[in-house]
Amino acid sequence: MRVTNILCRERARQGRTQNEVARSMGRAQTTLSRYENGSMLPDVEALFLWAAALGGRVVVEFPKEAA
């Protein structure tokens, strides 16, 4: 599942509008709409802001190499 799909579903689950979340991110509602409909890919900074606006965080993990 794409990260943008997860963030979009969480926004909807919280009952928040695109405008509310976009304002929390410091972005325009049209930008968030483009992220959610897949016509524009968010950069890493936007992903971190988006997650934070929804009360979450982005975690990057790398698999441990087998010994």
Looking only at side chains, do Thr17 and Asn19 share a donor and an acceptor under 3.5 Å apart?
no

What's the separation between atom OG1 in Thr4 and atom CZ in Arg9, rounded to the nearest 0.5 Å?
10.5 Å

State the CD1-CG distance between Ile6 and Leu54, to the nearest 0.5 angstrom.
12.0 Å

Partners of Ala28 by side chain to side chain contact (heavy atoms under 4.5 Å, CB included), sequence neighbours excluded?
Thr30, Thr31

Looking only at non-hydrogen atoms, find the nearest pair between Met25 and Ala46 and report the distance.
CE-O, 3.6 Å

If two hydrophobic side chains count as joined below 4.5 Å and joins carry through other members, does Leu41 share a cluster with Phe48?
no

The salt bridge (Lys or Arg N to Asp or Glu O under 4.0 Å) partners of Arg57 (sequence neighbours excluded) come to none

What pairs of residues pass the salt bridge (Lys or Arg N to Asp or Glu O under 4.0 Å) test when at least one of them lies in residues 12-26, not counting sequence neighbours?
Glu10-Arg13

Can you list every pair that meets ring-ring contact (aromatic ring centres under 6.0 Å, His included) and has a residue in residues 17-42, with sequence neighbours left out?
Tyr35-Trp50

Using the side chain to side chain contact (heavy atoms under 4.5 Å, CB included) rule, take Val58 and Val44 through it: C-alpha gap first, then chi angles, then the decisive distance, then the call.
CA-CA 9 Å; Val58 174; Val44 173; over 6 Å; no

Applying side chain to side chain contact (heavy atoms under 4.5 Å, CB included), name anything that partners Glu45, two or more places apart in sequence or on another chain.
Arg27, Asp43, Leu49

Taking all non-hydrogen atoms of both residues into account, name the closest pair between Ala51 and Leu7 and its distance.
CA-CD2, 3.9 Å

